[in-house]
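Below is one structure; the comments refer to it alone.
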Amino acid sequence: MTELPQAMIETATSAADWVLVLPIVLALMGAAALLVVRRSNGVPMLGAVLVIVGIIACEISLLLRVVSEGPLSMTMGKWLPPFGISLTADLLGAAFALAAAVVTLIVVLYAEIDRDGNDSGDGFHSMVLLLLAGVTGSFLTGDLFNLYVWFEVMLIASFGLIVSGGTPLQLDGAVKYGFLNFLATTLFLLALGLTYGLLGTLNMADIIRVAPEANRAAITGIAALLLLAFGMKAAAFPLNAWLPASYHTPSAAVSALFAGLLTKVGAYALLRSQVALLPDSRDLLEPVLAVLAIATLVIAPLGAIAETQLRRAIGFFVIGGIGAILAGLSMPNVIGIAGAGIYIFHAILAMTALYMVVGLVEVRTGARDTRQMGGLYAASAPLSILFFVLILAVAGVPPFLGFWPKLLLLEAGVMDAELGWVGTAMVVALVLNAILTLIAGTRLWAHIFWRNGPEGSPGSSEPMALVPPTPKVRMAFTVVGALVLGVVLLGLWPNPMIEVGQRAAADIIDPGRYIEAVGLAGGAS
Amino acid sequence: MNTVIFRTAAPLIVATMLVFSVYVCLRGHNEPGGGFIGGLIAAASIAVFGMASGVPAVRRALKVDPLAIAGFGVLLAGFAGLASLFIHAPFMTSIWMYLHLGETVVPLSTPMFFDIGVYCVVFGTLSAVALALESDEEEDL
Amino acid sequence: MDYVLAALVGVFVSLGVYLLLSRSVIRMLIGMTVLGNGVNLLIFTSGRVMREVAPIVPAGLEVPAGPIANPLPQALILTAIVIGFSMFSFLLVLAFRAYKSLDADNTDTMRLAEPENAPQPPLSY
């Protein structure tokens with residue numbers, strides 16, 4: 001027998017490393033198990049809650065471990081990387097995965113207001129878990145093709161969720177959502193094929209290692225394709241048309257889940273690919289990123305100002321948030337990347353909460369258009385406070401959560417003299433975005449809560465007749481309130497978050513620890 | 001499709017295809033074949049059965065909801081991957097066991113269970129799709 | 001051979017993009033499929049095309065007897081085909097349902113989610 005080069009891992013794997021795999025496996029197997037029992041009343045909801053609590057427990061221990069020991073990696077099937085598929089968690093991925101699981105738990109509890117407690121077997125909880133599996137997998141994977149697979153898992157679950165109910169409005173939104181997102185993943189696959197042809201590897205750590213030696217022009221082409229594909233998933237400005245066309249069509253719970261998770265995965269993939277994987281492409285692409293960021297930052301809140309349909313207006317806030325993340329990407333120093341990372345974390349929590357509050361407003365007023373709303377403050381002051389706090393958090397008013405990442409982004413723009421015009425322009429755009437978002441948000445608030453009645457009603461009339469809250473609505477209010485409380489508390493004590501964010505950004509910019517964790521540092525390939 | 005010839009021949013075709021699908025699934029470890037293609041063949045047989053004798057008859061014959069079979073498949077594949085937790089190896093590492101039955105040796109392995117899981121997933125989802133498309137009334141998946 | 005395949009990828013992708021620019025949903029669907037096939041062909045080509053045998057280890061050996069084809073692009077394409085097929089079938093059913101309930105195969109007339117005559121934004125506040 002000839003001497004074979006080593007291809008298998010010989011050392012034993014510690015059982016503690018399994019916290020990396022368990023969140024994904026639990027979510028997938030949970031989705032499957034709930035599919036089997038989907039017609040038993042009450043079981044799917046209870047099962048989903050239990051599974052997500054288990055996932056959160058795993059992800060907390062994963063995050064603690066990554067904080068103390070650095071990135072954690074496991075390569076499937078005992079193959080040596082880059083032959084096997086690696087799952088790799090660094091600070092960024094682990095923190096986002098945890099945030100995603102937490103908001104999914106809140107959404108599952110909240111979704112009960114749309115459900116009559118009679119599980120007809122529509123598989124809602126099963127698809128929510130499948131979506132969570134896709135999102136968690138995207139955050140924790142260390143392999144580009146595996147990322148594509150998780151994108152598709154996420155996409156198929158979101159297809160199921162967006163059409164469940166099957167009203168013509170939903171079908172209309174789903175056609176646009178479906179085609180454009182499928183096109184985005186196909187473009188991603190195109191870039192993958194070119195990457196494999198050029199570098200001969202799809203393992204992220206291996207790409208970081210071998211990309212600097214490859215043809216610069218080809219790398220830039222691949223990075224541009226990835227920017228197009230992920231920009232479409234993230235709804236960055238010229239490619240954002242699908243988001244306001246589809247996010248308001250499903251139920252509020254599904255909208256909230258999408259707003260919190262889907263575009264953020266796209267933004268995370270942008271961060272990973274443009275900053276960590278292919279930094280050589282930046283000479284040409286940096287101005288493009290900067291222009292996209294500025295356009296997204298300025299145009300999105302204008303869309304929100306012009307919109308009367310409440311959930312569509314909120315959709316433009318989601319897009320504006322993507323602009324802030326892009327701003328961080330176009331200023332690739334530690335502070336800018338930390339700002340982008342913390343902004344993604346903030347947006348996962350805040351956008352989900354905002355959509356859920358909007359859902360409660362819709363339930364109480366029975367309307368979807370702000371012109372038919374008014375005077376809600378008199379009936380439900382707590383609801384108006386939640387809405388207002390979230391608007392301030394999204395706009396980035398201190399001391400709420402959204403302020404800190406934006407402060408970091410401003411600091412990155414001001415401090416780094418190398419950035420030149422990009423830094424200055426970005427500072428202007430960020431401040432403009434904050435002001436416009438504040439105008440749009442407070443105007444929505446004034447229309448829904450503050451004025452006496454719906455549009456056209458005389459000023460002295462009675463407040464509009466509201467739908468009285470059912471016990472389910474009260475429970476939904478409580479869980480949303482808990483999430484908002486979390487957003488407020490994180491905003492009041494931001495220090496640990498900022499510190500973790502800066503360490504995560506340092507790991508992204510200097511990926512030595514990441515490569516070492518995967519086991520490719522030795523240089524033998 | 002309701003010709004006598006087709007209705008008479010259908011059970012025979014369905015039975016042959018089902019047996020063949022299991023054969024294709026099991027030979028998949030060392031030869032061309034495997035759970036995916038086996039599941040496709042089995043789902044095709046269900047589609048043929050549905051055309052010949054109608055969707056309600058197929059649902060009665062299956063006894064279990066096709067999507068539940070798919071869910072079971074994912075669970076089986078997941079457990080096959082999780083088994084390597086007990087030998088201190090990464091997720092999805094294969095474990096082999098050889099059963100000595102007199103003269104013959106039957107190799108059992110976790111990849112085989114994974115493959116059977118894939119078979120169930122493909123069979124379950126595609127049968128559900130086929131039955132939904134064949135039935136006349138509107139049916140959600 | 002590589003050049004022929006590369007040219008073919010170009011033809012597939014441009015045909016797919018052309019069809020996607022159409023207003024008819026069914027044409028867009030066909031365009032997606034053509035585009036997906038072009039991308040699969042691209043992955044196949046980027047794995048280097050060779051006149052080698054299938055990557056299967058013969059019985060009794062630990063390594064393949066001679067040179068073999070690169071198995072990784074095949075695995076990638078298989079995965080991509082399966083995913084692309086499921087997406088395609090979902091979109092097909094969706095297009096059919098949308099056709100039945102919206103009575104529209106033309107994206108210009110699908111304006112339910114984004115009404116054509118959207119009201120002017122209110123001027124108060």
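Letters go in sequence order (proteins before strands), and every chain restarts at 1.
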- Query: With ring centroids as reference points, do A/Phe145 and A/Tyr148 lie under 6.0 angstrom apart?
  - Reply: yes
Counting only heavy atoms closer than 4.5 Å, note whether [X] contacts chain A via side chain, backbone, both or neither.
X       : result
B/Phe86 : neither
B/Ile87 : neither
B/Ser84 : both

- Options B/Gly78, B/Ser94, B/Pro90, B/Gly81, ranked by heavy-atom pairs under 4.5 Å with chain A, top entry: B/Pro90
- Task: Return the orientation label for the B/Tyr23 and B/Phe20 ring planes: parallel under 30°, perpendicular over 60°, tilted otherwise.
- Result: tilted
Below 4.5 Å from any heavy atom of chain B, which atoms of [X] appear? Answer side chain, backbone, both or neither.
X       : answer
A/Leu20 : neither
A/Thr75 : backbone
A/Met76 : both

- B/Arg27 bridged to B/Asp115 by N-O distance under 4.0 Å: no
- On a heavy-atom basis, the closest approach of B/Ser45 and B/Val14 is O-CG2, 3.5 Å
- Just by modelled atom types, is the A/Ala31 backbone N or O under 3.5 Å from a matching donor or acceptor in the A/Ser126 side chain? yes
- Side-chain donor or acceptor of A/Arg209 paired with backbone N/O of A/Asp206 under 3.5 Å: no
